[in-house]
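To start, the structure under review is shown below, and the notes come after it.
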Amino acid sequence: MKDNLKEKKKNNTKLLISFRNINEISEQNFKYFDICDLKDPNKGSIGAWGEKNIIKVVKRCKKKVKVSATIGDIFSVERILKKLKQFDSFGLDYIKFGINTQNVLELKDLICRIGKLKCKTKLVLVIFVDKNSIFETVEENLGIFYKNNVRFLILDTYEKGDENLISYYRPSKIKDFIKKCSIKRINVGLAGRLQTNHITKLKLLNPYVLGFRSAICSDLNRQYISEEKLTFLSNHFFSNRSKANDKAGA
């Protein structure tokens with residue numbers, strides 16, 4: 001495990017693990033990942049936890065692991081703004097929110113209004129790749145994000161069926177998107193039913209983070225975490241970290 005932790009410190013790509021409730025989170029498992037993501041799949045694609053439990057986890061994880069939380073499947077501009085403001089007071093490291101518009105004017109209005117909130121917490125826009133027009137709208141308007149304090153994007157799937165991120169976009173397409181975002185000083189994360197066998201290939205793209213839930217669950221419905229699968233994925237992630245960097249010429 002010491003070797004695992006050494007590799008953890010070297011890697012640029014972070015490992016994010018999503019938890020659906022507070023009972024799944026154990027301090028002894030903090031060593032296995034970089035970001036503890038609070039997301040309830042029973043309440044939607046990016047379903048939100050209750051406020052009290054979010055604050056409990058933040059206190060429990062302080063200085064041990066980073067914490068992110070989703071605001072829920074909310075696509076109303078006014079409600080997004082209200083939730084971001086509320087979550088910004090929780091002491092989180094990252095707040096994740098989604099969009100459901102392909103209208104450029106609506107997108108720009110939302111992001112500009114978010115910029116005026118001046119949140120202390122890092123904001124992460126979730127882009128649903130199975131809603132293709134949303135991806136394209138964001139890709140064509142990257143310039144507005146950094147200047148409005150949205151400097152993190154994560155590609156994810158809205159529908160949690162059999163399809164995963166790679167089903168929608170080939171690594172070459174994702175690599176091109178990450179490069180475009182890098183020019184605008186925007187970090188990109190990758191998620192969407194990713195499995196352990198995706199790790200090595202996706203790390204070569206140099207994403208900011210890789211996010212997992214399905215890969216560490218013992219059931220197809222993503223309800224129950226397997227400690228064995230979490231350990232296996234973490235060991236694979238961190239042991240392959242330097243190998244991926246070497247292949248990428250890092």
Side-chain angles (χ1 to χ4, degrees), residues 14-25 33-61 65-101 107 110-111 113-114 117 119-131 134-135 138 145 149-161 164-165 186-194 207-217 221-223 225:
K14 301 180 188 303
L15 174 58
L16 176 149
I17 299 294
S18 291
F19 296 94
R20 70 185 178 100
N21 60 51
I22 198 166
N23 296 324
E24 289 186 340
I25 298 174
F33 50 86
D34 300 296
I35 302 173
C36 177
D37 182 48
L38 313 183
K39 180 174 68 173
D40 187 350
N42 292 332
K43 295 181 179 178
S45 180
I46 52 173
W49 279 36
E51 176 181 341
K52 291 182 180 179
N53 282 335
I54 292 175
I55 294 172
K56 282 182 182 178
V57 173
V58 169
K59 290 179 179 178
R60 184 189 298 180
C61 295
V65 69
K66 302 292 186 183
V67 184
S68 71
T70 60
I71 67 169
D73 284 354
I74 297 171
F75 302 119
S76 156
V77 172
E78 296 302 330
R79 290 184 66 202
I80 287 175
L81 295 172
K82 182 179 179 180
K83 280 290 183 180
L84 289 177
K85 193 172 181 180
Q86 177 189 6
F87 275 50
D88 192 41
S89 66
F90 294 165
L92 292 157
D93 297 286
Y94 305 92
I95 304 172
K96 294 163 62 181
F97 69 101
I99 56 170
N100 193 36
T101 180
L107 174 67
L110 170 62
I111 301 304
R113 291 179 69 181
I114 286 174
L117 291 179
C119 292
K120 304 181 295 293
T121 317
K122 296 181 178 71
L123 304 180
V124 183
L125 171 62
V126 181
I127 303 170
F128 301 112
V129 297
D130 42 348
K131 297 187 175 186
I134 293 176
F135 177 89
V138 170
F145 294 100
N149 203 34
V150 180
R151 300 171 186 178
F152 298 85
L153 308 177
I154 188 164
L155 305 184
D156 201 349
T157 53
Y158 188 76
E159 298 294 338
K160 306 302 181 185
N164 59 60
L165 175 64
I186 297 171
N187 299 286
V188 178
L190 307 177
R193 291 193 71 88
L194 299 181
Y208 178 78
V209 66
L210 291 180
F212 298 88
R213 170 71 190 183
S214 301
I216 61 162
C217 288
N221 294 324
R222 307 165 74 238
Q223 292 294 306
I225 284 182

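Positions are given from 1 along the sequence.
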Residues two or more places apart in sequence or in another chain: which of them pass salt bridge (Lys or Arg N to Asp or Glu O under 4.0 Å) with Arg151?
-> none

Name all residues meeting the salt bridge (Lys or Arg N to Asp or Glu O under 4.0 Å) criterion together with Lys120; count only those two or more places apart in sequence or in a different chain, and write none if there are none.
-> Asp88

Would you check if Asp156 and Lys39 make a side-chain contact, meaning some heavy-atom pair closer than 4.5 Å?
-> yes

Can you find a heavy atom in the side chain of Glu24 that is under 4.5 Å from one in the side chain of Gln223?
-> no

Val65 to Asp34 - nearest heavy-atom pair and separation | CG2-O, 3.0 Å

Which heavy-atom pair separates Asp73 from Gly44 by the least distance, and what is that distance?
-> OD2-CA, 3.1 Å

Contacts of Lys131 meeting side chain to side chain donor-acceptor pair (under 3.5 Å) (sequence neighbours excluded), chain-then-number -> Asn100

Could you check whether the rings of Phe75 and Phe128 sit parallel, tilted or perpendicular, using 30° and 60° as the cut-offs?
-> perpendicular

Checking Arg60 side chain against Ile25 main chain: does a donor-acceptor pair fall under 3.5 Å?
-> yes

Polar side-chain atom of Asn149 near backbone of Leu123 as donor-acceptor pair, under 3.5 Å | no

Salt bridge (charged side-chain N to carboxylate O under 4.0 Å, His left out): which pairs involve residues 42-52, sequence neighbours left out?
-> none

Who passes side chain to side chain contact (heavy atoms under 4.5 Å, CB included) against Ser214, sequence neighbours left out?
-> Arg193, Gln195, Arg222

Would you list the atom pairs, donor with acceptor, under 3.5 Å between side chains in residues 90-99 and any protein atom, with sequence neighbours excluded?
{"residue": "Asp93", "atom": "OD2", "partner": "Val67", "partner atom": "N", "Å": "2.8"}
{"residue": "Tyr94", "atom": "OH", "partner": "Tyr208", "partner atom": "OH", "Å": "2.6"}
{"residue": "Lys96", "atom": "NZ", "partner": "Asp37", "partner atom": "OD1", "Å": "3.3"}
{"residue": "Lys96", "atom": "NZ", "partner": "Asp37", "partner atom": "OD2", "Å": "3.1"}

